[in-house]
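The next block holds one structure in the form of structure tokens; read it before the comments.
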Amino acid sequence: MTVITHPFEALAKSEREAFNAPDAPIVIVRHPIGTVKSEEVNKRADAAFDKLLETLVEPRPDKVRAVSGF
């Protein structure tokens, strides 16, 4: 699974093709990550946890999953 922010969606899709892993799931979270305080990153991680778990347990390679609200 690849977890990215929106600006990197096209890159993530092309990378999974380049590495011959077209079924590798992608989960998208809110951008940016690197310039926000750790408390905000923790909130975003908590918000993304259910979607990440769902993707790990029941991957659907035909879908790119965005975390709702992020």
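What you see is a predicted model; the values in this text were computed from it and never measured.
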Review point. Side-chain contact, heavy-atom cut-off 4.5 Å: M1 with L56?
Key: yes
Exercise for review: Under the side chain to side chain contact (heavy atoms under 4.5 Å, CB included) rule, what do V3 and L52 come out as? Steps first, then yes or no, please.
Suggested key: CA-CA 9 Å; V3 180; L52 293 167; 3.5 Å; yes
Revision key, fill the gap. Closest non-hydrogen contact found for T5 with I33 is CG2-CG1, 3.7 Å
Practice item. Calculate, to the nearest 0.5 Å, the distance between atoms OG1 and CD1 belonging to T55 and I26 respectively. Key: 10.5 Å
Review point. Under 3.5 Å, side chain of R16 to main-chain N/O of A21, donor-acceptor pair present?
Key: no
Review point. Can you find a heavy atom in the side chain of V27 that is under 4.5 Å from one in the side chain of T2?
Key: no
Point to revise | Shared hydrophobic cluster for V57 and F49 (ILVMFWY, side-chain gaps under 4.5 Å) | key: yes
Review point. Does D46 CG have over 12 foreign heavy atoms under 6.0 Å away?
Key: yes
Practice item. Output yes when a side-chain donor or acceptor of R44 lies under 3.5 Å from a complementary backbone atom of V29, and no otherwise. Key: no
Practice item. Just do the side chain to side chain contact (heavy atoms under 4.5 Å, CB included) check on K43 and K37 with the steps written out, would you? Key: CA-CA 10 Å; K43 287 180 189 177; K37 294 183 181 207; over 6 Å; no
Check your understanding: Does the pair K13/E9 count as a salt bridge with the N-to-O cut at 4.0 Å?
Key -> yes
